[in-house]
Amino acid sequence: MRQKELRIALVCYGGVSLAVYMHGVTKELWKVSRASRAHHGGGGAETGSDAVYRRLIDHIERRFALRLKVMTDIIAGASAGGINGVFLAQAIHSGQSLEPLTELWLERADVDVLLDPDARPWSRVAKFWAMPIVWWLLRRPGNAISDSVAPETRHEVRTKLSRLIRSRWFEPPFGGLGFSRLLAEAFDAMRMSPAEAPLLPPRHPLDLFVTVTDFRGHPERLRLNTPEEIEESEHRLSIGFRAAAPAEGGSALAAPLELVLAARSTASFPGAFPALQLREIDVLAGERGERWPSRAAFIERIMPEHSHSGDAENVALIDGSVLVNAPFSEAMAVLRDRPAQREVDRRFVYIDPHPDEVGGTRHKDSTSPGFFSVIFGSLSSIPREQPIRDNLEAIAAASRQSVELKGIVDALRPEVEAQVEKLFGLTLFLDRPSAKRLVAWRAKAQQAAAVQAGYAFQSYGHVKFAQVIAELAAMIECAAPDLAVGRGDSVADRLSAWLARNGLDHLSAMRGGASNEAITFFREHDLGFRIRRLRLLARRLSDDWDDIDADNPEARERARSAVFKALALYFDREAHGALGQDFGVVARLLDSDPGAVLAEIARRRQLPATDLVVDALLVEALQGMPKELKRRVLLTYLGFPFYDTVTLPLLRGEGSTEFEPAKVDRISPVDCNAIRCGEAEAVLRGTEFYNFGAFFSRAYRENDYLWGRLHGAERMIDLIASALPRGMVLDPEDMTRFKREAFLAVLDEEEGRLKADPGLVAKVRAEVEVAK
């Protein structure tokens, strides 16, 4: 039985009230993860769309002999999309229900609820001098309401907008503390719901990021030619959380107040909500009688510069979409240290609820923008709708690089295999491999590759050395962030300088190959080389050597399992948390004794000892392999140093732990045509009034939430089908059947809840029946 994981890195960016639609999509992502957990023995997923996804995964296993696991392990969000991301991450980590967030969006995401009590007009005569302005804005010919809101809801929108406009002037109309209370109450409701098992395997890391904007900014030092150093104000800020999945449900991803702070700050829409300051969360904690023991450590971690300068209490945080609306880079940055025990299909999935609009108007609109269009377009729509082309091009470039790397490796294969056979002669294949022999063979192959590289070894060695230094520096900075604050030289610079003074100014020996000092250093610290070697072997076992299956169809799967077990050992040592919670004390010795810090890292990670365990795993797997598969595995494993000396300098160490290209998938109304064709306006109501429409009408929120679930269901089935290995394709009839079952399951689940428009569910159900 072949095993594969579909791993999703979700990116949710801001969309004002279209965040309700995005919640519907993320809910299906949560449900497909529950279905995958249930299929693999975790329980649950017996009703609703969960059950449909479980039947699909079961169908794939029976039809294609493929055990597919679906999981979301990276989430990055901005603005209201960040709120969706925070709650989804909590549900994945804790096993708690996501239903409380649904109630938050439907019940409480309304201007009348969010309006600060101190800002409410106490009667129709309040601010009587503003009434002519309100009348002119809301009822004049060609006004914003008439232009952008459906006739049946114009009265509701005018009434609520009138109250909003006549609230306090020149101050945000919505209450920050009230918003924080709503978020805290939603987390309380999640905590009170029965907790199932987490939606990730035990110890698998979950990464969550939300972007915020540091309104006043903090100074960053830049080095130039002249002047030598300048200061620049940096306003981008990312609040990140990482936690290993627990074995049992019920555990919070992080301190509840920290999650509230992240969700509240990322969605502090300029002009609507006041900027978040820490004292607001302190007041909330006092009201709720909650302690926040990790407060100082949390502030130091997310705002090290402000914490170092002592002004963190005065920092003002506003909406993350102002500067970073599509946080792909945060998600991409944590790909390197993901554990793997089987084949992985990595996807970046982003939700774009309105891809046919920019700046609050349609692309093809030839009219001159009006008053509201310019205001909302400048403050909201345009910043949020900046193209993600740069992010996608970076992923595409990395994918092209992976394809080019595969081509180079394939072209080198005959020559490398000939070199390995010449190096070891017939003994490699006549003798029975043992752990002791494999250790000797590895060392001999690595030194031979270094010697034969000649002058090229210098470039290879320096790229490899720089990569290892960067990884060590990142581990040290993670444990002690203050080491990187207020210094002109980086942690990596300080490590490199100390190593150069202690024998690593040259990496090559006089007679060729690596020097003794370099060999010792790489043996203790070069984790990347070990992972790259096993990655290559895993890819070969997954994508090549199909001819082996004719005589022994299970041999490659057993070999893959052994390789992924070995990779898991190295991945455990790659994660920053592997050094222990007390490593920060040791890390702060960097300036006084760098050697002690490096020695402690080596002692805690024990890479040479791990190599012996990995060798034993591989030898055990080799003993049961057919002769030809054993030969190919050994040629690849021992030949890797020859490949690495050629490919690593070409890549400059970037992306070198992944041979498989990541793929990108979008979810939007344009991509979902199984029920109703068209663009966003064909299905969504929150697009009205410059994407604020759903905040003025529960009927609009219910509509957009329902279509978010339906579109999410359609695209979840598409994603699962696209994860099948080469040569495996789901029948179109099966795809249609599973989608229809999922649509009807969603409608059955929501029929009792969505009552604001009594005909909504019945109308969509009729469309589903026709679409079959």
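By the 4.5 Å heavy-atom criterion applied to side chains, L284 and E287 are counted as neighbours. Contact check for L68 versus E61: no side-chain heavy atoms found under the 4.5 Å cut-off. Considering only heavy atoms from C-beta on, E185 stays 4.5 Å or farther from P100 through its side chain. Residues R7 and H204 form a side-chain contact, since some pair of their non-hydrogen atoms from C-beta on lies under 4.5 Å apart. In this structure, the side chains of E107 and R698 come closer than 4.5 Å at one or more pairs of heavy atoms. Within the 4.5 Å cutoff, the side chain of R347 has no heavy atoms near those of the V664 side chain. Using a 4.5 Å heavy-atom threshold, the side chains of K69 and K4 count as separate. Annotation: side chain of H93 is in contact with side chain of P246 (closest heavy-atom distance under 4.5 Å).
The ring of F241 has its center no closer than 6.0 angstrom to the ring center of F209. Aromatic ring centroids of Y350 and F328 lie under 6.0 Å apart. Annotation: F738 is in aromatic contact with H59 [ring centroid separation under 6.0 Å].
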Residue pair R67, H40: steps toward the side chain to side chain contact (heavy atoms under 4.5 Å, CB included) verdict
CA-CA 9 Å; R67 285 185 64 82; H40 293 276; 3.0 Å; yes

Could you go through the side chain to side chain contact (heavy atoms under 4.5 Å, CB included) check for F743 and V764 one step at a time?
CA-CA 9 Å; F743 297 152; V764 177; over 6 Å; no

After noting the C-alpha distance and the side-chain angles of F695 and D110, does the key distance pass the side chain to side chain contact (heavy atoms under 4.5 Å, CB included) rule?
CA-CA 5 Å; F695 290 153; D110 191 281; over 6 Å; no

Can you check salt bridge (charged side-chain N to carboxylate O under 4.0 Å, His left out) on R604 and D582, steps first, answer last?
CA-CA 11 Å; R604 295 191 182 207; D582 63 334; 2.8 Å; yes

Side chain to side chain contact (heavy atoms under 4.5 Å, CB included) for R55 and E741? Distances and angles first, verdict last.
CA-CA 10 Å; R55 290 197 296 271; E741 290 178 5; 3.1 Å; yes

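Judged purely by distance below 3.5 Å, without hydrogens or angles, the side chains of W105 and N84 pair a donor atom with an acceptor atom. Judged purely by distance below 3.5 Å, without hydrogens or angles, the side chains of Y13 and D352 pair a donor atom with an acceptor atom. Under the 3.5 Å distance criterion, with hydrogens and angles disregarded, no donor-acceptor pair is assigned to the side chains of S36 and R54.
R62 CZ: more than 12 foreign heavy atoms inside a 6.0 Å radius. Within 6.0 Å of atom CE in M728, more than 12 heavy atoms from other residues, nucleotides or ligands are found, so the atom counts as buried in its surroundings. With a 6.0 Å radius and a threshold of 12 heavy atoms from other residues, nucleotides or ligands, E103 has its CD atom above the threshold.
Side-chain atoms of R666 do not come within 3.5 Å of backbone N or O of I351 as any donor-acceptor pair. The main-chain N or O of A262 is found under 3.5 Å from a side-chain atom of S265 such that the two form a donor-acceptor pair. The closest donor-acceptor contact from the side chain of S94 to the backbone of Q90 lies under 3.5 Å. Under a 3.5 Å cut-off, the side chain of R573 and the backbone N or O of R605 do form a donor-acceptor pair. The main-chain N or O of G759 is found under 3.5 Å from a side-chain atom of D757 such that the two form a donor-acceptor pair. For the pair D704 (side chain) and G686 (backbone), a donor-acceptor distance under 3.5 Å is present. Side chain of R715 to backbone of D665: no donor-acceptor contact under 3.5 angstrom is found. Judged purely by atom type and a 3.5 angstrom limit, R242 has no side-chain atom pairing as donor or acceptor with the backbone of D207. The main-chain N or O of G81 is never found under 3.5 Å from a side-chain atom of S79 such that the two would form a donor-acceptor pair. With E749 contributing its side chain and S49 its backbone, the two residues share a donor-acceptor pair below 3.5 Å.
Considering every non-hydrogen atom in both A566 and V614, the closest pair reads CB-CG1, 3.8 Å. For the residue pair A78 and G320, the shortest heavy atom distance occurs at CB-C, 4.4 Å. Here the shortest heavy-atom pairing between T266 and G82 reads CG2-CA, 4.0 Å. Closest non-hydrogen pair, A742 versus V52, comes out as N-CG1, 3.8 Å. Annotation for E280 and S180: closest pair OE2-OG, 2.6 Å, computed over non-hydrogen atoms. Of all non-hydrogen atoms in V670 and N673, the two that sit nearest each other are O-ND2, 3.5 Å.
From I8, atom CD1 reaches atom CG of L29 across 5.0 Å, with rounding to the nearest 0.5 Å. Rounded to the nearest 0.5 Å, atoms CG (L6) and CG (L719) are 6.5 Å apart. Here CG of L208 is found 7.5 Å from CG of L259. Values are rounded to the nearest 0.5 Å. Rounded to the nearest 0.5 Å, atoms CG (L567) and CG (L534) are 4.5 Å apart. L261 contributes atom CG, which lies 5.0 Å from atom CG of L276 (distance to the nearest 0.5 angstrom). One distance of note links OG of S238 with CD of E330; it measures 4.0 Å at 0.5 Å rounding.
The residues K31 and E28 are annotated as not salt-bridged, no charged nitrogen and carboxylate oxygen being separated by less than 4.0 angstrom. Residues D73 and R346 are paired through a salt bridge, judged by an N-O separation under 4.0 Å between the basic side chain and the carboxylate. With salt bridges taken as basic N to acidic carboxylate O contacts below 4.0 Å, none links R753 and E702. Between R203 and D572 there is a salt bridge, with a side-chain nitrogen of the basic residue lying less than 4.0 Å from a carboxylate oxygen of the acidic one. A salt bridge between R295 and E258 is absent, with no side-chain N of the basic residue lying under 4.0 Å from a carboxylate O of the acidic one.
With L730 as reference, L56 is the one residue of D718, I720, L56 to meet the side-chain contact (heavy atoms from CB on, under 4.5 Å) rule. Under the side-chain contact (heavy atoms from CB on, under 4.5 Å) test applied with R37, the options L200, L199, V70, V32 reduce to a single match, L199.
Under a cutoff of 6.0 Å and an axis angle of 45°, R701 and Y21 do not form a cation-pi pair. Figure legend: cation-pi geometry between R34 and W30, with NZ or CZ positioned under 6.0 Å from the six-membered ring centre and within 45° of its axis.
For D748, the side chain to side chain contact (heavy atoms under 4.5 Å, CB included) test picks out R765, with sequence neighbours left out. With sequence neighbours excluded, the residues that form a side chain to side chain contact (heavy atoms under 4.5 Å, CB included) with V613 are L569.
The aromatic rings of H23 and Y705 lie parallel to each other, their planes meeting at an angle below 30°, with 60° marking the opposite boundary.
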